[in-house]
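Right, one structure below, let's go through it.
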Amino acid sequence: MNTTDDNLAPAVCIDADHPAITAFAADVVGSRQAPRDKAVALYYAVRDRIRYDPYAIDLSDHGLKASTTLLAGRGWCVPKAALLAAVCRAAGVPARVGFADVKNHLSTERLRQTMQTDVFYWHGYTAILLDGVWLKATPAFNIELCEKFALQPLEFDGREDSIYHPFDLNGNRHMEYLQLRGEMADVPAATLRGEFARVYPYLMKLDANASFDADVEAEHRAAR
């Protein structure tokens with residue numbers, strides 16, 4: 001990969017020129033000048049200000065847009081990765097979206113029954129170019145979720161990859177990477193729609209009134 005314009009330019013889903021995106025990036029970056037400092041600040045802002053919500057899956061172009069996720073204040077891994085890429089681009093830091101298939105042991109009973117698998121195909125992360133090196137950054141799980149599930153929060157220092165830990169704080173299996181699918185200048189929305197229809201035929205039947213936060217809280221209480 002290189003530093004051509006597509007790593008900095010707005011795209012369909014990575015809509016880095018949306019007013020909400022540019023305002024958010026400017027607010028978070030403040031007076032920071034170094035690309036690494038900008039990227040790190042933006043990572044934590046997206047990780048913790050935007051709640052992880054795998055029930056909020058909308059595979060339309062609009063649903064996958066970074067600005068949609070920012071304005072909603074929640075999203076699942078792919079649009080959160082797109083959001084981090086968008087605010088990085090808005091701050092002048094080259095960024096892309098990357099994808100991997102992972103076996104995710106953090107889930108809810110409702111989601112497990114709907115997906116009928118613990119494999120999350122096309123899990124999204126962000127690739128950020130710093131000092132000539134593409135680093136992986138995974139802003140999906142906000143800090144409150146990590147605390148409830150006894151997960152080690154993913155930190156990002158702008159020098160090393162930030163990818164999921166294989167075990168949680170209690171030594172239980174958390175995340176297994178099965179394969180990397182590559183990194184792209186924008187979210188491949190049409191591909192995701194086709195793939196999700198194939199591997200998750202019941203996903204769109206998830207109760208629209210279901211609350212991921214409520215299910216997490218109920219399962220957390222039951223486990224104590």
Side-chain angles (χ1 to χ4, degrees), residues 13 15 18 20-21 24 43-84 86-87 97 99-126 138-154 164-165 168-170 172-176 187 189 192-193 195-224:
C13 294
D15 51 345
H18 189 283
I21 296 289
F24 182 90
Y43 170 83
Y44 284 104
V46 172
R47 189 193 76 174
D48 293 335
R49 294 191 198 178
I50 309 299
R51 298 182 70 83
Y52 175 69
D53 187 353
Y55 292 4
I57 292 182
D58 178 350
L59 296 175
S60 68
D61 286 356
H62 174 75
L64 292 168
K65 283 181 180 292
S67 59
T68 300
T69 299
L70 176 60
L71 293 171
R74 62 181 57 236
W76 51 294
C77 61
V78 171
K80 284 195 70 172
L83 174 56
L84 179 55
V87 294
V97 283
F99 298 91
D101 296 344
V102 299
K103 184 171 287 191
N104 182 5
H105 296 270
L106 188 160
S107 187
T108 63
E109 183 60 28
R110 188 191 305 273
L111 195 58
R112 288 188 290 272
Q113 291 297 324
T114 303
M115 293 177 60
Q116 299 190 0
T117 178
D118 60 357
V119 176
F120 284 59
Y121 297 97
W122 291 87
H123 153 70
Y125 63 89
T126 310
T138 309
F141 295 164
N142 51 285
I143 187 66
E144 295 91 350
L145 186 66
C146 292
E147 291 171 349
K148 285 184 179 179
F149 275 96
L151 301 178
Q152 184 175 342
L154 286 182
Y164 288 125
H165 305 291
D168 66 18
L169 294 176
N170 296 321
N172 301 311
R173 272 285 184 187
H174 168 41
M175 193 74 68
E176 301 170 57
V187 177
L192 288 185
R193 287 190 283 269
E195 286 285 279
F196 276 44
R198 179 179 65 85
V199 299
Y200 304 129
Y202 303 106
L203 187 59
M204 294 304 118
K205 296 181 179 180
L206 186 68
D207 184 356
N209 296 315
S211 166
F212 178 68
D213 290 339
D215 283 356
V216 166
E217 186 61 36
E219 294 191 19
H220 176 65
R221 287 198 305 269
R224 286 188 294 187

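Computed from a predicted model, the values in this text were never measured in an experiment. Atom set for the values below is all heavy atoms of this structure, side chains included, hydrogens, waters and symmetry mates excluded.
- Considering only heavy atoms from C-beta on, L154 stays 4.5 Å or farther from F141 through its side chain.
- Ring geometry for Y121 versus Y200: interplanar angle of 30 to 60°, hence tilted.
- Side chains of K80 and D53 form no contact here, defined as non-hydrogen atoms less than 4.5 Å apart.
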Report task. Kindly indicate, with the supporting measurements, whether the criterion side-chain contact (heavy atoms from CB on, under 4.5 Å) is fulfilled by R74 and D213. Result -> CA-CA 11 Å; R74 62 181 57 236; D213 290 339; 3.3 Å; yes

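- T114 and L203 get closest at one heavy-atom pair: CG2-CA, 3.6 Å.
- Note that the CZ atom of R49 and the CZ atom of F24 stand 4.5 Å from one another [nearest 0.5 Å].
- A heavy-atom distance below 4.5 Å is found between the side chains of V78 and L64.
- Taking every heavy atom of both residues into account, A66 and A82 meet most closely at CB-O, 3.7 Å.
- By the 4.5 Å heavy-atom criterion applied to side chains, F212 and L145 are counted as neighbours.
- At least one donor-acceptor pair under 3.5 Å links the side chain of D48 to the backbone N or O of I143.
- Nearest heavy-atom pair across D61 and A189 is OD1-CB, 3.3 Å.
- Heavy atoms only, all atoms of each residue included: A140 and C77 are closest at CB-CB, 4.0 Å.
- Here the side chains of T117 and V199 are not in contact, with every heavy-atom distance at 4.5 Å or above.
- Here the side chains of T126 and Y43 are not in contact, with every heavy-atom distance at 4.5 Å or above.
- The side-chain heavy atoms of L84 and Y125, taken from C-beta on, include no pair separated by under 4.5 Å.
- One distance of note links CZ of R51 with CG of N142; it measures 5.0 Å at 0.5 Å rounding.
- Rounded to the nearest 0.5 Å, atoms NZ (K148) and CG (L151) are 12.5 Å apart.
- Annotation for C146 and P153: closest pair SG-CA, 3.9 Å, computed over non-hydrogen atoms.
- Side-chain contact between L206 and R110 is present, with heavy atoms from C-beta onward closer than 4.5 Å.
- If you take CE on M175 and CZ on F120, they are separated by 7.5 Å, rounding to the nearest 0.5 Å.
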Query raised in the report: Can you check side-chain contact (heavy atoms from CB on, under 4.5 Å) on E109 and D215, steps first, answer last?
Result: CA-CA 8 Å; E109 183 60 28; D215 283 356; over 6 Å; no

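- Judged by distance alone, the side chains of S60 and D58 do bring a donor and an acceptor atom under 3.5 Å apart.
- Using a 30° and 60° split on the angle between ring planes, W76 and F196 fall in the tilted class, from 30° to 60°.
- To the nearest 0.5 Å, atom CZ of residue R193 and atom CG of residue L59 are 7.0 Å apart.
- Here I57 contributes atom CD1 and L192 contributes atom CG; the two are 10.0 Å apart, rounded to the nearest 0.5 Å.
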